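Here is the naming used below: chain letters follow the sequence lines, and residue numbers restart at 1 for every chain. Just so it is clear, the model here is predicted, and its values are computed rather than measured.
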Number of protein chains: 2
Amino acid sequence: MPKAVDPIQKRSEFVAASWDVIAADGLKAATLRRVAAEAGCTTGALTHYYTDRRSLLVDALRAAHYQAGARMMDAAKGTSSHGARLQAVLLEALPLDAARMREWRVWLAFWAESMTDAELAKENARRYAEWRQLLEDLIRPLMRTRAEAKRELAYVVALVDGLGLRLARHVSNDRMLGDEQRECAATLVRHLARFEAA
Amino acid sequence: MPKAVDPIQKRSEFVAASWDVIAADGLKAATLRRVAAEAGCTTGALTHYYTDRRSLLVDALRAAHYQAGARMMDAAKGTSSHGARLQAVLLEALPLDAARMREWRVWLAFWAESMTDAELAKENARRYAEWRQLLEDLIRPLMRTRAEAKRELAYVVALVDGLGLRLARHVSNDRMLGDEQRECAATLVRHLARFEAA
DNA sequence: TGAGTGAAATAACACCGGTTATATAACTGC
DNA sequence: GCAGTTATATAACCGGTGTTATTTCACTCA
């Protein structure tokens, strides 16, 4: 019988290596050789688990969404009111620390690529629909009608995307980043203040 | 004496060709050969006007910002109130027609690239500062204090970026795009409704 | 312990990119 | 019309990429 290796574990290592490379040097730097080296092996091992470069990237994108989704579920725990829960989830979405900043840089790279790659676009659209659904469920109890909830959903999704984009677009290691992170968080909190009363 | 050619005109042709390629197939497709072919000539002509591929791309990014800036100045004309002027400029920023959608796709491609290219990041930061300054001047008369204007600035910039990003991320030729464009415009207008009274 | 299996490494292939150098063409001004 | 200058085309070079094939390795289990 063969060597005992957990393929799921192995794949997640390659995915994490992809994230590191993409966050550091962009999607174009995520070559098979580079990702394999980052994971501590050669392309032979990589191609053993991923037939294509694209399949690796699609998996990396999906895993990034899942990881973020899990974090948001955690953030929702431990909140009492509906308003507090929405705020906790949305704040968790912003790139306010190094880990989430890495995630946003990966997303931004994939969003650009999705414009010209149907497979990545489909994967991205699926995960985005889930994210919108999660938010809608959080918003619904705060609004009178379903239509109002839809409107507020479009509002906060754009707000979070715009704030996250602003932070992610920064050059890495910028000294002013901390200030901007606080300002973005404050902008989001201020918008959500209207729900505190409810 | 040499052949009479307007270098500025020639450069703008290459820039426009770059936009077409980037909007259609992404930044990675904007090779020297492809851009030259799109402009109807060979790489020899291109390298005659741009020493590097990067210098071409930097110029394409700068030109995209200038073109958009000029359009917004035009949009500001013919408005009477401060609130109407702000709304006109912000609506002009959204990708609500094919031309502006192409621009947004170019921007999104460059934003992703800017994360790992210091020169593009610098160019982008400069133009973005100008855009923020323009908006701040439009917002200031609508607010009581400078601090309030700053807060509102962060708000609307994030909103426009988020809405534009949502539209730009769409796969091209999507049938539902028109609906989403209307929803995004409505979301922006609804936010600005608070200034109508002022 | 020794096949036999899958995991991983190595290497070759064909292709395409930016860059650079060289050759050709086109036009201006005397 | 002719020399000179620039604009443009052509082509070669080198490095790097995804993919694929082949080889070597390491472990499991009879």
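Between Arg53(B) atom CZ and dG18(C) atom P the separation is 5 Å, expressed in whole Å. For the pair Leu46(A) CG and dT17(D) P, the computed distance is 14 Å after rounding to whole Å. The nearest whole Å value for the distance from the OH atom in Tyr50(B) to the P atom in dT19(C) is 14 Å. Atoms CG (Asp25(A)) and P (dG16(D)) sit 15 Å apart, rounded to a whole Å. Here dA7(D) presents its C1' atom at 13 Å from CD of Glu13(B), a figure rounded to the nearest Å. Rounding to whole angstrom units, CZ of residue Arg54(B) and P of dG17(C) are separated by 19 Å. For the pair Leu32(B) CG and dA9(D) C1', the interatomic distance rounds to 15 Å; values are reported in whole Å. Following rounding to the nearest Å, Asp6(B) (CG) and dC27(C) (C1') show an atom-to-atom distance of 16 Å.
The pair Arg100(A)-Glu103(A) does not meet the salt-bridge criterion, since no charged nitrogen lies less than 4.0 angstrom from a carboxylate oxygen.
Centroid-to-centroid, the aromatic rings of His65(B) and Trp131(B) stay 6.0 Å apart or farther. A ring-centre distance under 6.0 Å is not found for Trp19(B) and Trp107(B).
Of the two residues near DNA chain D, Ala29(A) and His48(B), the one whose nearest nucleotide lies more 5' is His48(B). Across the interface with DNA chain D, nearest-nucleotide mapping of Thr43(A) and Phe14(B) shows Phe14(B) to be the residue nearer the 5′ end.
At the heavy-atom level, Tyr49(B) lies under 4.0 Å from the strands shown only through sugar-phosphate atoms. Within 4.0 Å of Thr31(B), counting heavy atoms only, lie sugar-phosphate atoms of the nucleic acid but no base atom.
Looking at the side chain of Cys41(A), the nearest of the listed nucleotides dA9(D), dA9(C), dT19(D) is dA9(C).
Cation-pi check for Arg71(A) over Tyr66(A) is not met; the charged atom does not lie both under 6.0 angstrom from the ring centroid and within 45 degrees of its normal.
A donor-acceptor contact closer than 3.5 angstrom is absent between the side chains of His191(A) and Gln87(A).
Considering only side-chain N and O atoms, Lys10(B) lies under 4.0 angstrom from the phosphate OP1 or OP2 of dT8(D).
At a cut-off of 3.5 angstrom, counting only N and O atoms as typed in the model, there is no donor on one side facing an acceptor on the other between the side-chain of Arg33(A) and the base of dG16(D).
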